[in-house]
Amino acid sequence: MPDPETGSRERPSLSLGTDDWPATLAGKIVEIVDAVRVQTTDRVVLLLRAVVYCLVAAVAAIAIIVLVTIAAIRLADAYLPIGAGVGSATWAAHGLVGLLVSVIGLGFWRARAGSAKPLYAALILDAAIVVGVVFYGVIAAVA
């Protein structure tokens, strides 16, 4: 539309909101890049951290299980009167610890359906086995 006073046409101006449009555009690009990073890189880093921590925990758990097993066998061999009179009684200590672990494993297997009663029964049976071996040793030592 021409201006009635000057007779010239007004050109529409292109407005991007502010005079500092390069900073606004750079800000929008940074926001987009941050959103993509949050959706991709941060999730991958979190997943990899979880994998590494789980691996470290698994290695530590295996080491603890091995050390506890070795200690249980050494204690059974040194202090429980099993296999006495047949030379080295280490086989009997291995058998006792293996029996105890097998009974607990059977309790866990039976308890997989959701009831904890088989596990409690297995622990009570283990305690009864240990008490029986100790009483056997006491009776053998007295006699």
Side-chain angles (χ1 to χ4, degrees), residues 1-3 6 8-143:
M1 244 192 219
D3 189 12
T6 60
S8 66
R9 296 184 91 179
E10 234 182 85
R11 294 179 65 200
S13 64
L14 180 62
S15 174
L16 293 176
T18 63
D19 291 335
D20 195 19
W21 66 269
T24 305
L25 183 62
K28 291 292 182 187
I29 291 173
V30 167
E31 286 178 23
I32 292 171
V33 168
D34 283 344
V36 169
R37 181 184 52 83
V38 166
Q39 294 297 323
T40 57
T41 307
D42 288 352
R43 290 185 181 181
V44 170
V45 167
L46 180 67
L47 176 70
L48 290 177
R49 281 185 184 164
V51 167
V52 168
Y53 289 143
C54 287
L55 286 174
V56 169
V59 168
I62 290 171
I64 289 170
I65 289 170
V66 167
L67 290 175
V68 166
T69 304
I70 290 171
I73 291 172
R74 297 280 305 222
L75 285 171
D77 188 31
Y79 296 111
L80 293 180
I82 50 179
V86 276
S88 176
T90 304
W91 64 269
H94 281 87
L96 178 69
V97 173
L99 175 69
L100 298 178
V101 171
S102 296
V103 169
I104 291 174
L106 180 64
F108 273 113
W109 181 260
R110 299 283 312 262
R112 72 187 186 280
S115 174
K117 288 180 184 178
L119 183 59
Y120 295 142
L123 291 174
I124 291 169
L125 181 61
D126 273 353
I129 291 170
V130 170
V131 167
V133 168
V134 169
F135 279 149
Y136 169 76
V138 169
I139 291 170
V142 172

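The chain is numbered in sequence order, starting from 1. This is a predicted model, so every value here is computed, not measured.
With rounding to the nearest 0.5 angstrom, the NZ atom of K28 is 8.5 Å from the OG1 atom of T24. In this structure, CG on D126 lies 7.0 Å from CG on L99, to the nearest 0.5 angstrom. Between atom CG of residue L46 and atom OG1 of residue T41 there is a gap of 12.5 Å, rounded to the nearest 0.5 Å. Here the CG atom belonging to L123 is positioned 10.5 Å from the CG atom belonging to L100, to the nearest 0.5 angstrom. Taken to the nearest 0.5 Å, the CG atom of L106 stands 10.5 Å off from the CG atom of L119.
Between V59 and L55 there is no side-chain heavy-atom pair separated by less than 4.5 Å.
Contact detail for V97 and A76: the closest heavy-atom pair is CG2-CB, 4.4 Å.
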So I70 and V66, side chain to side chain contact (heavy atoms under 4.5 Å, CB included) or not? Walk me through it.
CA-CA 6 Å; I70 290 171; V66 167; 3.8 Å; yes
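Residue pairs satisfying the salt bridge (charged side-chain N to carboxylate O under 4.0 Å, His left out) criterion with at least one member in residues 39-56, sequence neighbours excluded, are listed as follows: R37-D42. Every pair tested for side-chain hydrogen bond (donor to acceptor under 3.5 Å, both in side chains) that includes a residue from residues 98-118 fails, sequence neighbours excluded, so the list is empty.
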